[in-house]
J.: 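The structure that follows is given in the form of structure tokens.
Remember, it's 1-based here, ligands and their atoms both numbered in the order they're listed. Small disclaimer: the values here were computed from a predicted structure and weren't measured.
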Amino acid sequence: MKATLTVLGSGTSMGVPTIGCTCAVCRSPDARDRRTRPSVLLEYGGKFVLIDTSPDFREQAIREKIRQIDAVLYTHTHADHILGIDDLRPLSFRRDGSIPLYARPEAAEFLRSMFRYIFDADYKFGGIARVELKPIEGPIELFGARFDPVKVIHGETEIYGYRFGSAAYLTDFSKIPDESFAQLRDLDILFLDALRHKPHPTHSTVENSLRIVDRVKPQRAFFTHICHDLPHEATNATLPENVRLSYDGLKLEFEI
Ligand SMILES: [Zn+2]
Ligand SMILES: [Zn+2]
């Protein structure tokens, strides 16, 4: 089945421009240097699956004219991936039944305690998102497409990336365990964390992610979770032809 992936946000946790920063990338007039927090939207067969709810979800949803979300998959529970959860409210009110939120069991538990007011049956102030946590430890089928969690190492913790059809989305990792490479065969599209050039304890670099592209050999690779060290156009000029920095609003077609 044909699917479209839209990059909602391609930026690192602080976004680009970063508050208070006056560097060349933060002041760049190139729209592709304006990076909201990381998230992607998948559309296939009339269904819309969101990966992560970034703090910029409201702005992203308005920009991309999102009118429907049928499921959310969480990669992990860092603030830049979850804080937009409340902005699911208007979309959750527009549908029958609650929006399922899929996450690793411990991530689901974290969401439940972090956002107690949403999941607490006693909350009396109304207007809460109609969402439902669904812990997952293996592959799931959503609307006729299979989603496989791909375990990656993010600093000291193991989190999820996802493989779906001919594409995989791996945001936030410092290392991909050998076992996970088996899930990355025959990819058309591979999204990888590439924060910057300088090493970081919890994130991949451009150089490390290029080595992964060499090993996995997808048709096309896109970098995401990008900080203000990497100007879009100048960085792209240094990358192999099948590897590009992603940018907010980028749309890609693939088979799911
Ligand atoms: Zn992140
Ligand atoms: Zn993170």
J.: Can you give the donor-acceptor pairs under 3.5 Å from side chains of residues 206-213 to other protein atoms, not counting sequence neighbours?
T.:
{"from": "E207", "atom 1": "OE1", "to": "H197", "atom 2": "ND1", "distance (Å)": "3.4"}
{"from": "E207", "atom 1": "OE2", "to": "H197", "atom 2": "ND1", "distance (Å)": "2.8"}
{"from": "N208", "atom 1": "ND2", "to": "S204", "atom 2": "OG", "distance (Å)": "3.0"}
{"from": "S209", "atom 1": "OG", "to": "D193", "atom 2": "O", "distance (Å)": "2.6"}
{"from": "S209", "atom 1": "OG", "to": "S204", "atom 2": "OG", "distance (Å)": "2.8"}
{"from": "S209", "atom 1": "OG", "to": "T205", "atom 2": "O", "distance (Å)": "3.4"}

J.: Determine whether L230 and F223 make a side-chain contact, defined as any pair of heavy atoms from C-beta on separated by less than 4.5 Å.
T.: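 Result no, sub-4.5 Å side-chain heavy-atom pair not found.
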J.: Should the pair R104-E137 be classified as a salt bridge under the 4.0 Å nitrogen-to-oxygen rule?
T.: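 Not counted as a salt bridge, because no side-chain N and carboxylate O are separated by less than 4.0 Å.
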J.: Applying side-chain hydrogen bond (donor to acceptor under 3.5 Å, both in side chains), which residue pairs with at least one partner in residues 36-52 are found, sequence neighbours left out?
T.: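 Counting only pairs at least two positions apart or across chains, the side-chain hydrogen bond (donor to acceptor under 3.5 Å, both in side chains) contacts touching residues 36-52 are T36-Q60, T36-D248, R37-D56, D52-T75, D52-H81.
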J.: Taking the side chain as every heavy atom from C-beta outward, state whether Y102 and L142 have any atom pair closer than 4.5 Å.
T.: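 Y102 vs L142: side chains touch.
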J.: What pairs with D186 under side chain to side chain donor-acceptor pair (under 3.5 Å), at least two apart in sequence or on another chain?
T.: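 Listed in chain order: nothing, the list is empty.
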J.: Under 2.8 Å from the Zn ion (ligand 1), how many protein N, O or S atoms can be found?
T.: 4
